[in-house]
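See below for the structure under consideration.
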Amino acid sequence: MKTILLVFGTRPEAIKMCPLVNELKDRRGIRPMVCVTGQHDDMLSRVLDTFSVTPDFDLAVMKPEQSLFDVTALILERLRPVLGSVKPDVALVHGDTTTTFAAALACFYERIPVGHVEAGLRTWRTDCPYPEEFNRQAVSIISRYNFAPTEQAKLNLLREGRDPVTVYVTGNTAIDALRATVRADYTHPELDWASGSRLALITAHRRENLGEPMRQMFRAIRRVVDEHPDVKAIFPVHPNPAVRAAAGDILAGHERIHVIEPLDVLDFHNFMSRSHIILTDSGGIQEEAPSLGKPVLVLRSVTERPEGVAAGALRLVGTQERSVYREFTRLLDEPGAYEAMARTTAPYGDGHASRRIADVLCGL
Ligand code: UD1
Ligand code: UDP
């Protein structure tokens, strides 16, 4: 019996790891155990409920206004005894958050083999996204098993000198999650409110966008909505107080913009599938939207997800008011530009990534 310890702590890690937890529960010879760091609290527990995953350990590290130091130090300190008692054969981490980095580092110190899910994404710029690009590169140095979502991600790892036998191209487990959530008969009062209008779905939270970049993008969005009476916008706002303040100042109070609490993942995926256009600086949404045929204006200047750009589903528009205003307007006013982006493509997988990762782990 092999013990696999899955460690994760934020909303997107949970959305992409829970399908794998549930897949591993069904495999003979594998005992999956889950340790959540609690880097996010409410947003995390809602995902766990959605996928019926009960953690074996909760490090409960989140505190208001937490810094990178707080999160890193608390995870190192509190994960150590968990690793000591579980003694996993492999520990799995996901992606590029502080949880990912600190958990992988703790495993390295305890000489526990690390498997990295969603390995090989790169911008090659440690300032963007910050601190995620550092986290993902650092974890690659430590990882024994690299589960790359795409061929491009695999190439990135090989370019860094990783041993090819450690890299498995699996697709992204985000698409596995999407298969479980989107429903044709889904309804929600916010979607009733938006019905008859073109719905723009907005999210923003990147650390390097906090402050003036975020204010600029929000001003652009408000102006465009102002000028298009048939457009309504919904912004489920991240709990980060800095995001809340900017959204409250600039977007709230407009009759066609609803600033609401974060949505549960089942709701959010269905909102995406009913939206006309998505504006976001999120990573995961760049993967999910192309599978739903929804154009995304990416509120960043670089992306580690170039496959969606190449497929025509994502467009990088930066954070400056002028460029966000111009590209958002163009997509609303030029049907040809919209149609060119609104094609369903699957650059991030077929929804069976968890099965492939579990197959590898079973065969170790
Ligand atoms: C983190 C990750 C980022 C990921 C994002 C997903 C790091 C450095 N950043 O960013 O890579 O894209 O999660 O959402 O790991 N907060 C709450 N309640 C919550 C969650 C957060 O109040 O449920 C507050 C925290 O107290 C903190 C702020 O939001 O003050 C930021 O949280 P933090 O986890 O530090 O970073 P995120 O911006 O969420
Ligand atoms: N998401 C959600 N509720 C929301 C907004 C986003 O469930 O109100 C989901 C979204 O579908 C995606 C993930 O959260 O799966 C993305 O999380 P986030 O943007 O916070 O992090 P990132 O992907 O940028 O790391």
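Start at 1 and go down the list; that is how both ligands and their atoms are numbered.
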Practice item. I would like to know whether Arg356 and Glu23 meet salt bridge (Lys or Arg N to Asp or Glu O under 4.0 Å); could you show each step before the answer? Key: CA-CA 10 Å; Arg356 293 188 190 96; Glu23 177 72 31; over 6 Å; no
Practice item. Apply salt bridge (Lys or Arg N to Asp or Glu O under 4.0 Å) to Arg198 and Asp230, showing your working. Key: CA-CA 6 Å; Arg198 291 188 287 177; Asp230 69 329; 2.9 Å; yes
Review point. What's the verdict on salt bridge (Lys or Arg N to Asp or Glu O under 4.0 Å) for Arg305 and Glu118, showing C-alpha distance, side-chain angles and the deciding distance?
Key: CA-CA 11 Å; Arg305 290 161 170 98; Glu118 199 180 88; 3.4 Å; yes
Review point. Could you walk me through whether Glu304 and Arg122 pass the salt bridge (Lys or Arg N to Asp or Glu O under 4.0 Å) check?
Key: CA-CA 5 Å; Glu304 58 294 282; Arg122 295 290 184 270; over 6 Å; no
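Judged by distance alone, with hydrogens and angles left aside, the side-chain atoms of Glu133 form a donor-acceptor pair with the main-chain N or O of Trp124 at under 3.5 Å. Side-chain N or O atoms of Thr97 include one that pairs as donor or acceptor with a backbone N or O of Thr100 at under 3.5 Å. Between the Arg343 side chain and the Gly312 main chain, no donor and acceptor come within less than 3.5 Å of each other.
Cluster annotation: Val317 and Val309 are assigned to distinct hydrophobic clusters (Ile/Leu/Val/Met/Phe/Trp/Tyr, side-chain heavy-atom contacts under 4.5 Å, transitive).
The shell of residues lying under 4.0 angstrom from ligand 1, judged by heavy atoms, includes His238. Heavy atoms of Glu287 stay at 4.0 angstrom or farther from ligand 2.
The ligand atoms of ligand 1 that sit less than 4.0 angstrom from a heavy atom of Thr97 are 11 (O), 15 (O). Residue contact check: Met43 has heavy atoms under 4.0 Å from atoms 20 (C), 23 (O) of ligand 1. Interface atoms of ligand 1 facing Thr98, defined by a heavy-atom separation under 4.0 Å, are 7 (C), 8 (C), 15 (O). For ligand 1, the atoms lying closer than 4.0 Å to a non-hydrogen atom of Leu68 are 8 (C). Atom numbering of ligand 1 starts at 1 in the shown order; those under 4.0 Å from a heavy atom of Pro131 are 8 (C). Ligand 2 places these atoms under 4.0 Å from at least one heavy atom of Pro262: 8 (O). Interface atoms of ligand 2 facing Pro236, defined by a heavy-atom separation under 4.0 Å, are 8 (O). Residue-ligand proximity, Asn240 to ligand 1, at heavy-atom distances under 4.0 Å covers atoms 28 (C), 29 (O), 31 (C). Listed by number with element, the atoms of ligand 1 under 4.0 Å from a non-hydrogen atom of Asp41 are 18 (N), 19 (C), 23 (O). Of all the atoms in ligand 1, the ones that sit under 4.0 Å from a non-hydrogen atom of Pro12 are 6 (C), 14 (O).
Nearest heavy-atom pair across Val61 and Arg78 is CA-NH1, 3.9 Å. Residues Arg31 and Met1 come closest through the heavy atom pair N-SD, 3.7 Å. Looking at every heavy atom in both residues, Pro213 comes nearest to Glu208 through CG-O, 4.0 Å. What you find for Ala247 and Phe235 is that their closest heavy atoms are CB-CE2, 3.7 Å.
Protein heavy atom nearest atom 3 (N) of ligand 2, with residue, atom name and distance: Leu263 O, 2.7 Å. Among protein heavy atoms, the minimum distance from atom 3 (C) of ligand 1 is reached at Glu132 OE2, 3.1 Å. Nearest protein neighbour of atom 20 (C) of ligand 1, counting heavy atoms only, is His40 CD2, 3.2 Å. Nearest non-hydrogen protein atom to atom 4 (C) of ligand 2 is Arg11 NH1, 3.2 Å. Of the protein's non-hydrogen atoms, Ile15 CD1, 3.5 Å is the one closest to atom 9 (C) of ligand 2. Scanning the protein for heavy atoms near atom 7 (C) of ligand 1, the closest one is Gln39 NE2, 3.5 Å. Among protein heavy atoms, atom 19 (O) of ligand 2 sits closest to Ser282 OG, 2.8 Å. Shortest contact from atom 5 (C) of ligand 1 to any protein heavy atom: His205 CE1, 3.5 Å. In terms of protein heavy atoms, atom 25 (O) of ligand 2 is closest to Pro12 CG, 3.4 Å.
Annotation for Tyr338: atom OH counts as buried by contact number, over 12 foreign heavy atoms lying within 6.0 Å. Counting heavy atoms of neighbouring residues, nucleotides and ligands inside a 6.0 Å radius, atom CZ of Arg256 exceeds 12 of them. Counted within 6.0 Å of CD on Glu190, heavy atoms from surrounding residues, nucleotides or ligands total more than 12; the atom is thus considered enclosed.
With a 4.0 Å cut-off on non-hydrogen atoms, Met43 does not touch ligand 2 at all. Contact annotation for Glu65 and ligand 1: only backbone heavy atoms (N, CA, C, O) come within less than 4.0 Å of the ligand. When heavy-atom distances to ligand 1 are checked against a 4.0 Å cut-off, Pro129 has no atom that comes that close, whether in backbone or side chain. With a 4.0 Å cut-off on non-hydrogen atoms, Val265 touches ligand 2 through its backbone as well as its side chain.
The cationic atom of Arg207 (NZ for Lys, CZ for Arg) does not lie both less than 6.0 Å from the six-membered ring centre of Tyr130 and within 45° of the ring axis.
Side-chain contact annotation: Ser354 with Asp176, donor-acceptor N/O pair under 3.5 Å present. For the residue pair Ser140 and Ser143, no side-chain donor N or O sits within less than 3.5 Å of a side-chain acceptor on the partner.
Any N or O atom pair closer than 3.5 Å counts here, and His269 shares at least one such pair with ligand 2. Looking at ligand 1, you'll find an N or O of Gln66 within less than 3.5 Å of one of its N or O atoms. For ligand 2, the polar-atom distance check finds an N/O of Gly283 within less than 3.5 Å of one of the ligand's N/O atoms. Checking only distances, Thr99 never comes within under 3.5 Å of ligand 1, N or O to N or O. Geometrically, ligand 1 and Arg207 share a nitrogen or oxygen pair separated by less than 3.5 Å. Inclusion of Glu288 in the set of residues having an N or O under 3.5 Å from an N or O of ligand 2 is warranted. Considering backbone and side-chain N/O atoms, Asp281 never comes within less than 3.5 Å of an N/O atom of ligand 2. Residue Asp264 has no nitrogen or oxygen atom sitting less than 3.5 Å from a nitrogen or oxygen atom of ligand 2, judged on distance alone. Taking distance alone, with nitrogen or oxygen atoms compared against 3.5 Å, Gly284 approaches ligand 2 more closely than that limit. Among the atoms of His205, some N or O lies under 3.5 angstrom from an N or O of ligand 2.
Between Lys16 and Glu287, some side-chain heavy-atom pair lies under the 4.5 Å cut-off.
Ion pairing between a basic and an acidic side chain is recognised when a charged N comes within 4.0 Å of a carboxylate O; Arg206 and Glu132 show such pairing.
Distances from atom 26 (O) of ligand 1 to the heavy atoms of Lys63, Arg11, Arg244, Arg46 put Lys63 nearest.
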